[in-house]
Amino acid sequence: MAHWLIKSEPDEFSFDDLWQARGRRTMWDGVRNYQARNYLRDGMKVGDQVLYYHSNADPAGVVGLAEVVREAYPDPTQFERGHAHEDPKSTREAPRWVAVDVRAVRRLPRVVTLADLKAEPALAGMAVVQRGTRLSVTPVTPAEWAVVLALGGLRAKQPVAKRK
DNA sequence: GCCAACGTTGGC
DNA sequence: GCCAACGTTGGC
């Protein structure tokens, strides 16, 4: 099982929005960057655990935990005429972009702000703290995962969720 | 709202 | 294949 961090602008789709969605789950669509696409397509497996990060937020930071509940499938928005994420160059035979489904697991007792992340030496390798990294999907190591959860007010050994 | 950093596009 | 122009991201 792998760990990931996904970014969302709360004005677009916040953790609360995910929490209130039907089944607390949503299609994670709209990724239009090849490297992020590759993580979605090749890396994410059902059951992988996800840090939900608010970007362009005050404060920016990790606000909750989610999990992957469906692995990559063609992102339907790439084919929708007039959709902001339409990609006229993508074909149904060879879709360029993929989506996964994610489900909210729990809110963190404390928001782990970007400043918190940057202040923690053990997290220096995380993409989100590095200058100029704009990827919306990035891998997280198990060690980083444990540190972020601890900063967020969860004990490291505490189970995150029971799979149904 | 500003703007640095980055990825993509397209002319050549 | 280079690289300038452009659009986007995202912290501040």
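What you see is a predicted model, and the numbers here were worked out from it, not measured in a lab. In the text below, chain A, chain B and the rest are named by the order of the sequence lines, each starting its count at 1.
Here C:dG11 presents its P atom at 12 Å from NE2 of A:His54, a figure rounded to the nearest Å. In this structure, A:Asp11 atom CG and C:dG11 atom C1' are separated by 15 Å, rounded to whole Å. Between A:Glu9 atom CD and C:dT9 atom P the separation is 7 Å, expressed in whole Å. Rounded to whole Å, the distance from CG on A:Asp87 to P on C:dT8 is 14 Å. Residue A:Glu12 contributes atom CD, which lies 12 Å from atom P of C:dG10 at whole-angstrom precision. The separation between A:Leu135 atom CG and B:dG7 atom P is 8 Å, rounded to whole Å. Per the geometry, CZ belonging to A:Arg134 stands 14 Å off P belonging to C:dG7, to the nearest Å. Regarding A:Lys118, its NZ atom lies at a distance of 7 Å from the C1' atom of C:dG11, rounded to whole Å.
Side-chain N/O atoms of A:Tyr34 include none lying less than 4.0 angstrom from OP1 or OP2 on B:dC6. A sub-4.0 Å separation between OP1 or OP2 of C:dG10 and a side-chain N or O of A:Lys7 is present.
If you look at A:Trp97 and A:Tyr34, their ring centroids are closer than 6.0 Å.
Pairs passing the salt bridge (Lys or Arg N to Asp or Glu O under 4.0 Å) check and including a residue from residues 36-62 of chain A, sequence neighbours excluded, do not occur.
Of the two residues contacting DNA chain B, namely A:Asn56 and A:Asn33, the nearest-nucleotide position lying further toward the 5' end is that of A:Asn56. Comparing A:Lys89 and A:Gln35 along DNA chain B, the residue whose closest nucleotide (by nearest heavy atom) sits nearer the 5' end is A:Gln35.
Note on ring orientation: taking the six-membered ring where Trp is involved, the planes of A:His54 and A:Tyr52 are perpendicular (angle over 60°, cut-offs 30° and 60°).
No side-chain donor-acceptor contact under 3.5 Å links A:Asp16 and A:Ser14.
Nearest nucleotide to the side chain of A:Ala60, out of C:dT8, C:dG11, B:dG10: C:dG11.
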